[in-house]
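One structure below.
What's counted below: heavy atoms across the whole structure, side chains too, no hydrogens, waters or symmetry copies. Chain identifiers are assigned alphabetically (A, B, ...) following the order of the sequence lines, protein sequences preceding nucleic acid strands; residue numbering begins at 1 within each chain.
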2 protein chains.
Amino acid sequence: MTDSPKKSASSLCERQALAQPCPIRDVLDRIGDQWSLLVLDALAPGRRRFNEMLREIGDVSRQMLSRTLKQLEQDGFITRTAYPEVPPRVEYALTDLGRSFQAPMGALVAWADEHHRAIVEARQRYLAGAGG
Amino acid sequence: MTDSPKKSASSLCERQALAQPCPIRDVLDRIGDQWSLLVLDALAPGRRRFNEMLREIGDVSRQMLSRTLKQLEQDGFITRTAYPEVPPRVEYALTDLGRSFQAPMGALVAWADEHHRAIVEARQRYLAGAGG
DNA sequence: TCCCATGGTCCAGTTTTTAGACCTTTGGCA
DNA sequence: TGCCAAAGGTCTAAAAACTGGACCATGGGA
């Protein structure tokens, strides 16, 4: 085939040909990183403080948690409320937008839960057959 | 520290306290990287060759595409078929497992599409208010 | 008085990702 | 006959991202 340009339209953008990035690529850049989903999930039950999330997630570094929270706040998924106390208290909570994201995230989690076994098995098969 | 165990049960794992990682963390580690979702999506319409995907995704490096494909194959999302031709031809395609993943991914994409505007607005609000 | 806790930031060292050269083999073209 | 292109990767060096831990300011408790 001669590199026909008729790449059957995919749901995600084929490329950000235009300066304007496509919605999905744009969103994926945020929630597709290592921590965003975990953070969003940690906030699902309710508001949380910084160190609380740090402990809860467990393997996220302060810097990444800080950065992730900042980005999620920037994109309107969460709110940040700082109380002028000593020691300082800062609480993070989901916005309506953030809560609305729980539906697709839930679908993802459910899928993962349901198919985890199949994945583990595939992995073992692969290692048995190709990797040793 | 007493490490109180009363962290309100979240849908994602709180921590991989046990050697056995929780399903979701495990799955997220794979599809939560920079490229997996894009690759999976590129394969949604049908089988694809390596360089084809490289061009289609556009901003993925050869190495990362190669690595991502290998991992997705390892986890049973896709198959790799090499034809003994010259120049070599290798085709990648979704497995049943991979196809089953399109549902939750679709939910994610739909959400992104629907809420992209809100996100962009939130971002602008944030910049206007806090960043300059 | 000293230390801890809070929410971050900063720094240095490590890991991951990138861009680009390179590999192998055969066909097309001059 | 000689040279380049194409395919699907791999390798390397440099850039970027991430990590762990120190550090900041402040007030309460030991």
*With the threshold set at 4.0 Å, does a side-chain nitrogen-carboxylate oxygen contact exist between R67(B) and D33(B)?*
no

*Hey, does the side chain of W35(A) come within less than 4.0 Å of dA17(D)'s phosphate (OP1/OP2), counting only N and O?*
no

*With the threshold set at 4.0 Å, does a side-chain nitrogen-carboxylate oxygen contact exist between R25(B) and D59(A)?*
yes

*Please determine, for the side chain of P87(B), which listed nucleotide (dA21(C), dG8(C), dA7(D)) has the closest atom?*
dA7(D)

_CA sep, side-chain torsions, deciding dist, call: F77(A), I31(A), side chain to side chain contact (heavy atoms under 4.5 Å, CB included)_ = CA-CA 10 Å; F77(A) 285 76; I31(A) 58 87; 3.9 Å; yes

*State whether R67(A) places a side-chain N or O below 4.0 Å from either non-bridging phosphate oxygen (OP1 or OP2) of dC18(D).*
yes

*Figure out the CE/P separation between M64(B) and dG9(D), and round it to whole Å.*
15 Å

*Figure out the CG/P separation between L54(B) and dA6(D), and round it to whole Å.*
14 Å

*Quick one: which of dG8(C), dA19(C), dG7(C) gets closest to the side chain of S61(B)?*
dA19(C)

*E85(A) CD to dG8(C) P, straight-line distance once rounded to whole Å*: 13 Å

*Kindly confirm or rule out a cation-pi arrangement of R48(B) over Y92(B), judged by NZ or CZ under 6.0 Å from the six-membered ring centre and within 45° of its axis?*
no

*Nearest-Å distance, CG (L69(A)) to P (dT9(C))?*
10 Å

*Atom pair distance, as rounded to whole Å: CD in E73(A) and C1' in dG7(C)*: 14 Å

*Out of dG8(D), dA7(D), dT6(C), whichever nucleotide has its closest atom nearest the side chain of F50(B)*: dG8(D)

*Mind calculating the distance between CG (N51(A)) and P (dT9(C)) to the nearest angstrom?*
13 Å

*Which part of the nucleic acid, if any, lies within contact of Q63(B), taking any heavy atom under 4.0 Å across all strands shown: a base, the sugar-phosphate backbone alone, or nothing?*
base

*Please tell me which of the listed nucleotides, dT26(D), dT6(C), dG8(D), lies nearest to the side chain of V86(A)?*
dT26(D)

_Short side-chain N/O contact from S66(A) to OP1 or OP2 of dT9(C), under 4.0 Å_ = yes

*Would you say dG7(C) has OP1 or OP2 under 4.0 Å from some side-chain N or O of R49(A)?*
yes

*Do side-chain atoms of N51(B) reach the backbone of L54(B) as a donor and acceptor pair under 3.5 angstrom?*
no

_Does Y92(A) reach a base, just sugar-phosphate, or nothing at all? Heavy atoms under 4.0 Å._
sugar-phosphate

*Spacing of R89(B) atom CZ relative to dG27(C) atom C1', expressed in whole Å*: 16 Å

*Can you find a side chain N or O atom of K70(B) that sits less than 4.0 Å from OP1 or OP2 on dG8(D)?*
no

_Distance in angstrom units between D59(B) CG and dA16(D) P, rounded_ = 16 Å

